[in-house]
Amino acid sequence: MSEERYMREALDLARANIQAGGRPFGAVLVYQGQVIARAVNEIHSTQDPTAHAELQAIRKAAQALGRTRLDGAEIYATGHPCPMCLAAMHLCGIERAWFAYDNDEGEPYGLSTAAVYAQMARPPQQQSLPLRPLKPAGEADLYLQWKQANAQ
């Protein structure tokens, strides 16, 4: 079964990342039956809080394929994708995502993102991170400018 092989590869990446001082997260991105990208969580080495394994795999795959859309691709992740990673998957067209360990399994180790999911399920005005509109007086046409600049 190919799916299990890809997940075992992601798990091997995660275990190697633990040995390198990183977090237990690996990801393998597959497109048309081929592994396009392999990645691990690089927060520890980059000091970049967005350097999650899934995002790193998406970045690598997009560069390898030369496009921002990854329609039809699937990703194998060792942990339940956080809301940021899941949103990125939606935005770039990932067709299917698999994970080995869920949030309940990660909770005792501080590796669950269930609380973030719970926050994001609330209306923006009720989340712990306030999200409020603020458009300065006289500001207009930013999106129209973009459309016109890309109309050629």
Side-chain angles (χ1 to χ4, degrees), residues 3 6-7 9-11 13-18 20-31 36-151:
E3 289 91 1
Y6 298 137
M7 185 59 77
E9 187 172 348
L11 289 161
L13 289 167
R15 286 191 169 91
N17 202 43
I18 292 169
R23 297 173 64 114
F25 301 112
V28 173
L29 194 142
V30 177
Y31 179 70
I36 302 299
R38 296 169 178 87
V40 296
N41 182 296
E42 297 181 25
I43 290 173
H44 70 289
S45 62
T46 64
Q47 308 309 308
D48 176 355
T50 70
H52 291 198
E54 300 93 327
L55 287 183
Q56 299 296 74
I58 288 169
R59 289 173 181 133
K60 289 178 181 182
Q63 289 176 351
L65 295 173
R67 60 178 190 257
T68 58
R69 296 291 308 173
L70 300 174
D71 297 294
E74 53 188 7
I75 197 163
Y76 297 81
T78 57
H80 189 282
C82 75
M84 173 180 66
C85 292
L86 186 59
M89 290 178 206
H90 280 284
L91 289 169
C92 72
I94 298 289
E95 183 175 289
R96 192 173 295 113
W98 308 84
F99 64 89
Y101 290 87
D102 64 24
N103 276 324
D104 289 340
E105 293 169 296
E107 182 66 38
Y109 306 97
L111 298 172
S112 173
T113 57
V116 180
Y117 272 101
Q119 276 297 312
M120 296 194 73
R122 301 172 78 178
Q125 305 82 357
Q126 295 176 11
Q127 293 181 20
S128 62
L129 172 65
L131 179 62
R132 307 287 188 269
L134 175 61
K135 189 183 298 178
E139 176 58 37
D141 301 329
L142 178 66
Y143 293 163
L144 177 60
Q145 280 182 312
W146 175 81
K147 184 177 180 179
Q148 290 171 341
N150 290 285

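What's counted below: heavy atoms across the whole structure, side chains too, no hydrogens, waters or symmetry copies.
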How many angstroms lie between [atom1] in [X] and [atom2] in [Y], if you round to the nearest 0.5 Å?
{"X": "L29", "Y": "I58", "atom1": "CG", "atom2": "CD1", "result": "7.0 Å"}
{"X": "L55", "Y": "C92", "atom1": "CG", "atom2": "SG", "result": "9.0 Å"}
{"X": "Q56", "Y": "K60", "atom1": "CD", "atom2": "NZ", "result": "7.0 Å"}
{"X": "L129", "Y": "R122", "atom1": "CG", "atom2": "CZ", "result": "12.0 Å"}
{"X": "H90", "Y": "C85", "atom1": "NE2", "atom2": "SG", "result": "12.0 Å"}
{"X": "L70", "Y": "I94", "atom1": "CG", "atom2": "CD1", "result": "5.0 Å"}

Working for side chain to side chain contact (heavy atoms under 4.5 Å, CB included), residues R96 and W98: CA-CA 7 Å; R96 192 173 295 113; W98 308 84; 3.3 Å; yes
Search all heavy atoms of [X] against all heavy atoms of [Y] and return the closest pair with its distance.
{"X": "E105", "Y": "P108", "result": "O-CD, 3.5 Å"}
{"X": "T113", "Y": "P81", "result": "OG1-O, 4.2 Å"}
{"X": "L11", "Y": "A100", "result": "CD2-CB, 4.1 Å"}
{"X": "M89", "Y": "E54", "result": "CE-CG, 3.7 Å"}
{"X": "A37", "Y": "A57", "result": "CB-O, 3.3 Å"}
{"X": "P124", "Y": "L131", "result": "CB-CD2, 4.1 Å"}

Greater than 12 external heavy atoms within 6.0 Å of Y101's OH: no
Heavy-atom side-chain proximity of [X] to [Y] below 4.5 angstrom:
{"X": "E74", "Y": "E95", "answer": "no"}
{"X": "P24", "Y": "T78", "answer": "no"}
{"X": "V28", "Y": "L13", "answer": "yes"}
{"X": "L65", "Y": "Y31", "answer": "yes"}
{"X": "E9", "Y": "Y76", "answer": "no"}
{"X": "H52", "Y": "M84", "answer": "yes"}
{"X": "V30", "Y": "I36", "answer": "no"}
{"X": "H44", "Y": "N17", "answer": "yes"}

Counterpart residues, side-chain hydrogen bond (donor to acceptor under 3.5 Å, both in side chains), relative to D71 (two or more places apart): R69
side-chain hydrogen bond (donor to acceptor under 3.5 Å, both in side chains) involving D48 - partner list, sequence neighbours excluded: T50
Residues forming a side-chain contact (heavy atoms from CB on, under 4.5 Å) with L142, sequence neighbours excluded: E139, Q145
Donor-acceptor under 3.5 Å (D141 side chain, L144 main chain): no
Mutual orientation of the aromatic rings belonging to Y117 and H80 [parallel < 30°, tilted 30-60°, perpendicular > 60°]: perpendicular
Audit row: E107, Y109, side chain to side chain donor-acceptor pair (under 3.5 Å) steps and yes/no: CA-CA 5 Å; E107 182 66 38; Y109 306 97; over 6 Å; no
